[in-house]
There are 2 protein chains.
Amino acid sequence: MPTVKKLPRPAAKTVRPSALQAESLRQTRREHASETAEDYVEAIADLAASQGEARVVDLARRLGVTHVTVNRTLARLQREGYVRVQPYRAIFLTDSGRVLAADCHHRHGIVVAFLCSLGIPEKAAEIDAEGIEHHVSPATLAAFARQLKANKP
Amino acid sequence: MPTVKKLPRPAAKTVRPSALQAESLRQTRREHASETAEDYVEAIADLAASQGEARVVDLARRLGVTHVTVNRTLARLQREGYVRVQPYRAIFLTDSGRVLAADCHHRHGIVVAFLCSLGIPEKAAEIDAEGIEHHVSPATLAAFARQLKANKP
DNA sequence: TTCAAAGTGTAGCCAAAGCTACATTATGTA
DNA sequence: TACATAATGTAGCTTTGGCTACACTTTGAA
């Protein structure tokens, strides 16, 4: 066997320290777990506002999945206390569901507006925002808002 | 049964049209599928640069998961043509793996620099970037870069 | 040369989020 | 009222990405 001495981990040379990156990625994974919940409650709130009630088919159309997926996810969201669901009935948000929805709506608006302010076309901004909004920390959201305010007084 | 007439879908009133939002969400889900690949190849490239080679334990530490997860994911990445793996040997990127890694590295740098330019502390910027970078379209990335250039000439 | 520790691999469990296919319930209209 | 259709629900499959527990290789030092 070749005696390729394994250097004893020159930690100093690492560009992004492992611990920090590992933590960032763990954070991202945590966020991902709640992304679905956020997308659902936001869609439910929107539908309730625009149609009076949110039904499974509407949600499925809106979220781009089948009604089966919607159904199973709603069960989880009910377990987690965001929605109230009864067979063959409309879907209602709980208090905490409404809070979460409002939060998301707010965040979404800022992210889209910010991207637009950078000259990105609305449609592209919408698409990007959908992915980005779940990963924007309060500090970054505040920075976006600050920037927006500064740019159009 | 109550005769609650279901309004015939007043599409005009919908704030975000269903079709667009559904497509945005589908896009986000597609991106999510490649996030893991991006994180892995970037970590592998970094490790190869800083330590000379990337090993399973290093990756596990770096990514904040167990070596088991790393192993299974590497098998998938090999199937998809990003890495070359041999039992008990170091992990190597293929050409397309190297391209992807370079891409990600570039994108990551711009996103972090952009967030920092908004006054967000480096550490928070790193964390946010980890989540955001996978959802930034070329147009948005270009906008970030443009902004950066304009701000410090 | 041996052998313990570190690294790597495998088996098998779990949950989330997709899907198709099929069963059941509501609803509006004939 | 009856019934076709739309909406909803259920069974069961897939992939991804976590995990623990245990087995096998490598490696370096005694």
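Per chain, numbering begins at 1; letters A, B, ... match sequence-line order.
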Could you tell me if the side chain of B:Leu59 sits less than 4.5 Å from the side chain of B:Ile44, heavy atoms only? yes
Between residues 79-91 of chain A and DNA chain C, which residues have a heavy-atom gap below 4.0 Å? A:Arg79, A:Tyr88
Other residues, nucleotides, ligands: >12 heavy atoms within 6.0 Å of A:Tyr82 OH: no
Check whether any side-chain nitrogen or oxygen of B:Arg76 sits under 4.0 Å from OP1 or OP2 of D:dT15, and answer yes or no. no
Could you go step by step and tell me if A:His108 and A:Glu42 meet the side chain to side chain donor-acceptor pair (under 3.5 Å) rule? CA-CA 10 Å; A:His108 182 83; A:Glu42 205 179 341; 4.5 Å; no
side-chain N/O B:Arg55 vs C:dA6 OP1/OP2, d < 4.0 Å: no
Rounded to whole angstrom units, what separation is found between the CG atom of A:Leu59 and the C1' atom of D:dG9? 15 Å
For C:dA16, take OP1 and OP2 only and decide whether either is under 4.0 Å from a side-chain N or O of A:Thr73. no
Of the candidate nucleotides D:dA7, D:dG9, C:dC19, which contains the atom at the shortest distance from the side chain of A:Thr69? C:dC19
Hey, is the side chain of B:Arg29 poking within less than 4.0 Å of OP1 or OP2 on C:dG18, counting only N and O atoms? yes
State plainly whether the residues A:Glu23 and A:Arg26 are in salt-bridge range, i.e. N to O under 4.0 Å. yes
Hey, would you say the A:His32 and B:His32 ring centroids sit under 6.0 Å apart? yes
Heavy atoms, side chains only, cut-off 4.5 Å: are A:Asp103 and A:Glu38 in contact? no
Given atom CD of A:Glu35 and atom P of C:dG18, what is their separation to the nearest angstrom? 11 Å
Give the rounded distance in Å between these two atoms: CG of B:Leu74 and P of C:dT8. 10 Å
Between B:Asn71 and C:dT8, is there a contact of a side-chain N or O with OP1 or OP2 at under 4.0 Å? no
What is the separation between atom CG on A:Asp58 and atom P on D:dT8, rounded to the nearest whole Å? 7 Å
Between D:dA11, C:dA17, D:dG9, which one does the side chain of A:Val68 approach most closely? D:dA11
Are the side chain of B:Ser96 and the backbone N or O of B:Gly81 linked by a donor-acceptor pair below 3.5 Å? yes
Value in whole Å for how far the C1' atom of C:dA17 lies from CG of A:Leu63: 12 Å
CZ of B:Arg26 versus P of C:dA17: gap in Å, rounded? 17 Å
Let's test your reading of the model: under 3.5 Å, does the base of C:dG7 pair with the side chain of B:His67 as donor and acceptor? no
Assess whether one donor atom and one acceptor atom, taken from the side chain of A:Arg72 and the base of C:dA17, lie less than 3.5 Å apart. yes
